[in-house]
Amino acid sequence: MTASSPIAATAAEPPPATQPDIRFCTPQDIVRVEAFLDTHWAKGHVLAHDRTLMDWQHKDAAGGRYTYAIAQRQGVEELDAIIGFISTSQYDPALSDDNTIWFTTWMVSPHIKAGGLGMRLLRFVQQSEPHTLVGTVGNNAAVAPVYKALGYTTGILDRYVIANPALQTFHLLQGHEGIAQSTPDTNTTTIRMLEATDLTTPDVAALFSHTAAPRKTPAYVAARYLHHPRYSYRLLGIEQSGTLRALAVTRLCQAPTTGGQTATALRVVDWFGPDDAMGITGNALRDYLTQTGAEYADLYVHGMPASAFEQSAWHRVETDGPLIVPNYFEPFAASNTEIRFAVRRPDRQDAALRLFKADADQDRPNTLPQQENSVP
C-alpha cells in the first residue's frame, strides 16, 4: 500500500484572483474529493473508486459531512486542495472528550500555487475539530520538518518481526538466517480467539487501562476492526497460565510465490496490555505461526521500551540491514519500509504515547475489492 503521506503546498506564489473558501466536505462534495484523489494524489486511488470504503473511513453521518476539509473557489468545479482526517470518536462517541485527529491525505493541487493554502487547511481542522491529540502516521520525510516546526513530535516507528521456526524455506522473508530459531518459551502461553462479546468482559476491559495516548476503548476496537468492510481482523487474546495478559489485533496477508502458490504473513496492527506482556506475546505468536503456516509476524510500534522485547521471540528490524521484511502487499514489494509519525498534544506535550501501524490509515486496502490480497 502506498503510504498516506501528507504533501504540503509548494513555495509561496501570488495567490489566485479569487481566494478559495475552506469548509468541511458535504455529501455533495465527496465526488469532487474522489476526483481530486484520482487526478492529483494517485490514478486509480482506492478511495476514489470504492465508495463503501470511503464511507466507512470518512463519512460522519451524525455530522452530515465527510471528514475532509476542502478548498474551492466560487464558480470553479474542481477543488484546489484537500486534507483528509480520521477522528477516533467516529468509532466510539465516548471518545469525544479525548478525541484524536489523524491526518491522512493532504495536498494542494499543483495547478494552484496559492501561498499558505495547505497550512490554512491544517489550521481549519485543528481549530474546528475538538481534540486532545493530533497527528499522522505515514507522513513522508519531506514534510517532517514542517510538522516539527509546528510543534509536533516526529519520529519513525520501531519494527519487530518473528520468523516461523517450523519453516525451512521462506518466500517473503530475505536474510532471515539467525532469527528463525527463536528463544524457547519458558512461560505457559496460549492464544484464545476473541469475539465482539468478549470485549465487554472485565479481563479484556482491564487491558485498556494500560493504553497511553491515543486513548482507545473496547467499542473503538469493535468498530475499527471487527466492522471493517474490506478486511477481516482477528483479535488474539494472549493468556499466561490462564490469565489474559494482552490483546493483539492481527490480519493475514498473502503474496504469490514464484511457484504459483501463495505465502502468508501475520501483521500485528494494534496491541493492548502492559509493557511486560509484549515478550510473552511474541512467544505465543511464534507458536501461532506454526498453526497458520504464516512465514512471519511483524509489528510497527512507538512508545514501547526495547526492554519489553528482550528475551522473547521478537527480533528488531533495521531498515538498512540484511533482513528484509515486506510491508506492502497491495501490490507486493520485497523491501523494508519506514513508517514515520508526527503528533502533538496541545495540553500535555510530554504524555506517554503508544502508536501502532493501524493508527491513522496505514492499514487500509490499496486496491479494489476484487484485487484484495487480504485473507478472510
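The shown structure was predicted, so the numbers you read here are calculated from the model rather than taken from an experiment.
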Visitor: For residues I324 and Y328: do they belong to one hydrophobic cluster (side chain heavy atoms under 4.5 Å, members Ile, Leu, Val, Met, Phe, Trp, Tyr)?
Guide: no
Visitor: Check whether L323 and I156 end up in the same hydrophobic cluster, where Ile, Leu, Val, Met, Phe, Trp and Tyr are linked by side-chain heavy atoms less than 4.5 Å apart.
Guide: no
Visitor: Given side chains that start at C-beta, do those of T100 and S87 come closer than 4.5 Å, heavy atoms only?
Guide: no
Visitor: Enter the distance from F332:CZ to T257:OG1 here, rounded to the nearest 0.5 Å.
Guide: 10.5 Å
Visitor: Got a donor-acceptor contact below 3.5 angstrom from the D270 side chain to the V249 backbone?
Guide: no
Visitor: Could you check whether D92 pairs with R224 (Lys NZ or Arg NE/NH1/NH2 to Asp/Glu carboxylate O, under 4.0 Å)?
Guide: no
Visitor: Are any side-chain N or O atoms of S96 and backbone N or O atoms of P93, one a donor and one an acceptor, separated by less than 3.5 Å?
Guide: yes
Visitor: Mind checking whether L194 and L236 have side chains closer than 4.5 Å, heavy atoms only?
Guide: no
Visitor: Please determine if E34 and R32 form a salt bridge, counting it only when a charged side-chain N lies under 4.0 Å from a carboxylate O.
Guide: no
Visitor: Hydrophobic clusters here meaning ILVMFWY residues chained together by side-chain heavy-atom distances under 4.5 Å, can you tell me if V76 and V31 are in one?
Guide: no
Visitor: Please answer whether the main-chain N or O of H171 pairs with a side-chain N or O of E295 as donor and acceptor at a distance below 3.5 Å.
Guide: yes
Visitor: We want to know whether W271 and T281 form a side-chain donor-acceptor pair, criterion being a heavy-atom distance below 3.5 angstrom.
Guide: yes
Visitor: Could you grab the distance from atom OG1 of T290 to atom CG of L167, nearest 0.5 Å is fine?
Guide: 9.0 Å
Visitor: What's the separation between atom CG in D287 and atom CD1 in I191, rounded to the nearest 0.5 Å?
Guide: 7.5 Å
Visitor: Does any non-hydrogen side-chain atom of R230 lie less than 4.5 Å from one of P369?
Guide: yes
Visitor: Taking side chain to side chain contact (heavy atoms under 4.5 Å, CB included) as the criterion, tell me which of L285, N283, D298 meets it with W314.
Guide: L285
Visitor: Do the side chains of R251 and S232 get nearer than 4.5 Å, heavy atoms only?
Guide: no
Visitor: Please report the interatomic distance CD1(I82) to CD(Q72), rounded to the nearest 0.5 Å.
Guide: 12.5 Å
Visitor: Give a yes or no on whether the backbone of Q240 and the side-chain of T188 come within a donor-acceptor separation of less than 3.5 Å.
Guide: no
Visitor: Do T88 and N99 have side-chain N/O donor and acceptor atoms under 3.5 Å apart?
Guide: yes
Visitor: Return the set of residues passing salt bridge (Lys or Arg N to Asp or Glu O under 4.0 Å) with E78 (not counting sequence neighbours), or none when no residue passes.
Guide: none
Visitor: Please say which of K357, R159, R267 ends up in a side chain to side chain donor-acceptor pair (under 3.5 Å) with Y300.
Guide: R159
Visitor: Compile the donor-acceptor pairs under 3.5 Å between side chains in residues 199-207 and protein atoms, sequence neighbours left out, one pair per line.
Guide:
unit_1	atom_1	unit_2	atom_2	d
T200	OG1	T197	O	2.9
T201	OG1	D198	O	2.6
T201	OG1	D203	OD1	2.7

Visitor: Could you work out, with ring pair (Phe, Tyr, Trp, His ring centres under 6.0 Å) as the rule, every residue matching H228, not counting sequence neighbours?
Guide: W56, Y231, Y233
Visitor: What distance separates L244 CG from I238 CD1, expressed to the nearest 0.5 Å?
Guide: 8.5 Å
Visitor: Have a look at E338 and tell me which of N140, L157, T319 forms a side chain to side chain contact (heavy atoms under 4.5 Å, CB included) with it.
Guide: T319
Visitor: So F208 and L247, do their side chains get closer than 4.5 Å, heavy atoms only?
Guide: yes
Visitor: When you check the gap from the basic side-chain N to the acidic O, do E129 and R65 get nearer than 4.0 Å?
Guide: yes
Visitor: Just do the salt bridge (Lys or Arg N to Asp or Glu O under 4.0 Å) check on R245 and E239 with the steps written out, would you?
Guide: CA-CA 5 Å; R245 295 294 314 284; E239 296 184 331; over 6 Å; no
Visitor: Using side chain to side chain donor-acceptor pair (under 3.5 Å) as the criterion, point out the one residue from D29, D55, T26 that pairs with Y66.
Guide: D55
Visitor: Run the ring-ring contact (aromatic ring centres under 6.0 Å, His included) test on Y160 and H315 for me, step by step, so that the C-alpha distance in whole Å, both residues' side-chain angles and the decisive distance to 0.1 Å come before the verdict.
Guide: CA-CA 5 Å; Y160 294 87; H315 181 88; 8.8 Å; no
Visitor: Between T67 and Q57, which heavy-atom pair has the shortest distance, and what is it?
Guide: OG1-O, 4.2 Å
Visitor: Calculate, to the nearest 0.5 Å, the distance between atoms OG1 and NE2 belonging to T367 and H49 respectively.
Guide: 12.5 Å
Visitor: What verdict does the ring-ring contact (aromatic ring centres under 6.0 Å, His included) test give for F85 and F103, after you've listed the backbone C-alpha separation in whole Å, the side-chain angles of each residue and the deciding distance to 0.1 Å?
Guide: CA-CA 4 Å; F85 65 96; F103 291 122; 7.1 Å; no
Visitor: Would you please classify the geometry between the Y225 ring and the Y220 ring as parallel, tilted or perpendicular, with 30° and 60° separating the classes?
Guide: perpendicular
Visitor: Which heavy-atom pair separates A313 from G282 by the least distance, and what is that distance?
Guide: CB-O, 3.5 Å
Visitor: Taking atom types as modelled, find out whether H302 and D158 have a side-chain donor-acceptor pair closer than 3.5 angstrom.
Guide: no
Visitor: Does the side chain of Y296 reach to within under 4.5 Å of the side chain of I162, using non-hydrogen atoms?
Guide: no
Visitor: Does a side-chain N-to-carboxylate-O contact under 4.0 Å join R73 and D80?
Guide: yes
Visitor: Side chain to side chain contact (heavy atoms under 4.5 Å, CB included), that's the test. Do V46 and L368 meet it? Break it down for me.
Guide: CA-CA 6 Å; V46 66; L368 295 176; 4.2 Å; yes
Visitor: Checking R286 against N164: is there a side-chain donor and acceptor pair closer than 3.5 Å?
Guide: no
Visitor: Would you say the side chain of R234 lies within less than 4.5 Å of the side chain of M193, judging by non-hydrogen atoms?
Guide: yes
Visitor: Quick one, T217 and L95 - any side-chain contact, counting heavy atoms below 4.5 Å?
Guide: yes
Visitor: Which heavy atom in Y152 sits nearest to a heavy atom in G135, and how many Å separate them?
Guide: CE2-CA, 3.9 Å
